[in-house]
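These notes are about the structure you will find just below.
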Amino acid sequence: MNQPNVILICVDEWRGDCLSSDGHPFVETPHLDELARQGVRFSRGYSATPSCVPARAALFTGQSQERHGRVGYNDGVPFHAVHPVTVQDEFRKGGYHTQAIGKMHVWPERSRLGFDDVILHDGYLHHARREHRQHFGLFDDYVPWLRRQPGMGPDAEYFDHGVNCNSIVARPWDKAENLHPTHWIGTQAIEWMHRRDPVKPFFLYLSFHRPHPPYDPPSWAFEQYLNLPAYEAIEGNWEHHWDEHRQDGDYQASYGKVPNHVVHRARAGYYGLIAQIDLQINRIKESLADFGLLDDTVVAFTSDHGEMMGDHHMFRKAVPYEGSARVPFIIADSPAVQTAARGTVVEHVVELRDIMPTLLDLAGLPIPDSVDGKSLASIVRGESALPVRDILHGEHVYWGQNLHWLTDGHHKYIWGSGRGTEELFNLDADPQERTNLAEDTASQGELQLWRERMVETLRDREEGYVVDGELTPGAPVVAMLRHAREKAAAAMAQVSSS
């Protein structure tokens, strides 16, 4: 069999439970459900460092955060200098035509990072200061395209409707649907199929900015979810742990109470963006069929992280809770592979770092030694049902500390490095993480087991989280580990001297 084409679809801020195939009570994703029936859905997919920058480091490099070194959100770091081996590099070396369309969220912003070409839309990239735009050429490709469309003109903006990129304010898109960034991604993908190299297999990275805010779906998609049952907040017995960061009434806060009707509208906007993306994915799949490419194409779908969407009065991402850290994770081998698993749901814990080795493996390409993610190809091919790890360690610098967590898909243990806050959840009995078992007398043995596992995980970390065999709060907070900082500094020094 010839090498398959490979499409990696990455969306931004899509919760792992927001698939109808995952049992969501309201969200409808018929075309992603179809993809799941054609392949394997991993119901315990996680983003170990759940924000845009470190999550994409894991996705592009196939590495854990300990190895890629990005443990928090930190822009302005030369990506390829710190992370020289990427999934697109390896596909390109393997003879593939490589193309990225959509969000990259790397620095410098127009870096290709091993892709033959990048058609860029990074959300609010084009709002960089004028002098930076002139020096670095920071305009993405969507806004100039938008301004060339009939009726738009030279002042047309992505931000015309006034909704911020971290706001929970929701409203319908203010222009024709074909001008929406989500629709634009689909259009660019289809147009690229006409221009691709016909004598090479391709690796296509499709990266949608949505359902990340602004919550601005087309009106039909917004209205589809406005009449849901009234929103009711999910609360637990532990939110007070983070009250120093609480900002009630702030529509851009990461934690704070807002009126339920505001979250109700935000939810309609968020779900509406999901519905729009689902249709664009189907549009792209239908075009693959029209080009005669569908039968020879592997398709993977995931998100860089989730969205709390009001759970425990939290919004956005970076925190260890399921709304933030669990992501959709679907991989479908090409339809031409007769023995591949179809319609399988796997409950093993998997992570974004596993996508690179899996796709390379499915394409028959070698997996670089730099990768410590695990190939899931044997599961996707129906050859194995064995888990690739027992426990996943996740973390993110946030709220002035590092929020560490461990999960085996059944329990989750959280340790905050600021004050040593501990939380333990039984995900099987309590998937919404309402009850902190760390405060339960009967659960102290289980708590000690997970605490000891965290000690072993962090024992050798440079920050000094473990002292005399005990988790010790108050360690220095760094968004990049030393080896990554040193590479970044060397790269910046080279730029300064040139």
Side-chain angles (χ1 to χ4, degrees), residues 16 42-50 58 64-67 71 234 236-242 306 311-312 318-327 329 346-354 372-374 385-399 401-475:
F42 294 86
S43 63
R44 290 293 175 186
Y46 285 95
S47 174
T49 47
S64 62
Q65 68 272 17
E66 291 89 352
R67 188 167 289 194
V71 296
I234 293 170
N237 65 346
W238 51 265
E239 289 89 349
H240 60 280
H241 290 164
W242 315 114
D311 291 357
H312 309 286
V319 293
Y321 309 108
E322 291 289 279
S324 163
R326 189 162 81 90
V327 295
F329 202 113
V346 173
E347 297 182 354
H348 310 326
V349 172
V350 297
E351 205 271 334
L352 294 180
R353 72 193 74 165
D354 301 330
D372 61 347
K374 306 297 183 183
L386 297 176
V388 296
R389 64 177 52 81
D390 296 322
I391 293 174
L392 175 70
H393 169 224
E395 62 182 295
H396 203 288
V397 170
Y398 205 56
W399 292 337
Q401 62 194 299
N402 198 329
L403 302 175
H404 288 275
W405 49 282
L406 298 172
T407 187
D408 61 359
H410 304 286
H411 287 82
K412 184 188 292 176
Y413 172 74
I414 298 168
W415 181 72
S417 71
R419 295 196 308 268
T421 303
E422 289 185 304
E423 294 164 357
L424 177 66
F425 301 103
N426 183 331
L427 298 178
D428 294 329
D430 180 24
Q432 295 177 329
E433 297 169 309
R434 293 176 182 263
T435 304
N436 178 19
L437 297 175
E439 301 175 1
D440 175 34
T441 303
S443 300
Q444 292 308 295
E446 188 78 22
L447 175 64
Q448 182 61 25
L449 172 64
W450 284 95
R451 184 184 294 143
E452 290 171 357
R453 288 171 173 166
M454 187 65 82
V455 167
E456 289 305 308
T457 299
L458 299 179
R459 185 180 298 278
D460 297 325
R461 281 287 288 265
E462 64 194 56
E463 298 95 330
Y465 294 124
V466 176
V467 178
D468 296 329
E470 300 288 339
L471 293 172
T472 305

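All values below were derived from every heavy atom in this structure, side-chain atoms included, with hydrogens, water molecules and symmetry-related copies excluded. This chain uses plain numbering: 1 for the first residue, then up along the sequence.
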How long is the span from the OG1 atom in Thr49 to the CD atom in Glu351, to the nearest 0.5 Å? 6.5 Å
With a 4.5 Å limit on heavy-atom distance, are the side chains of His312 and Ile234 in contact? yes
Between the side chains of Arg453 and Glu456, is the shortest nitrogen-to-carboxylate-oxygen separation below 4.0 Å, so that they form an ion pair? no
With distance as the sole criterion, is a donor-acceptor pair present between the side chains of His393 and Glu66 under 3.5 Å? yes
Approximate separation, where rounding is to 0.5 Å, of Ser43 OG and His348 NE2: 9.5 Å
So how far is it from Leu427 CG to Arg44 CZ, rounded to the nearest 0.5 Å? 5.5 Å
Is any side-chain heavy atom of Leu471 less than 4.5 Å from a side-chain heavy atom of His404? no
Rounded to the nearest 0.5 Å, what's the gap from CG on Leu458 to CG on Leu406? Could you check? 7.5 Å
I need the Phe42 CZ to Asp354 CG distance, nearest 0.5 Å. 8.5 Å
Presence of salt bridge, Glu239 and Arg434, under 4.0 angstrom: no
Flag the pair Glu322 / Tyr46 as yes when at least one side-chain heavy-atom distance between them is below 4.5 Å, and no otherwise. yes
Is it true that Gln448 and Glu452 share a donor-acceptor pair across their side chains at a distance under 3.5 Å? yes
Are the side chain of His411 and the backbone of Leu447 linked by a donor-acceptor contact shorter than 3.5 Å? no
Can you check whether Ala318's main-chain N or O pairs, donor with acceptor, with Ser324's side chain at less than 3.5 Å? yes
Between the CD1 atom in Ile414 and the CH2 atom in Trp238, the distance rounded to the nearest 0.5 Å is 7.0 Å
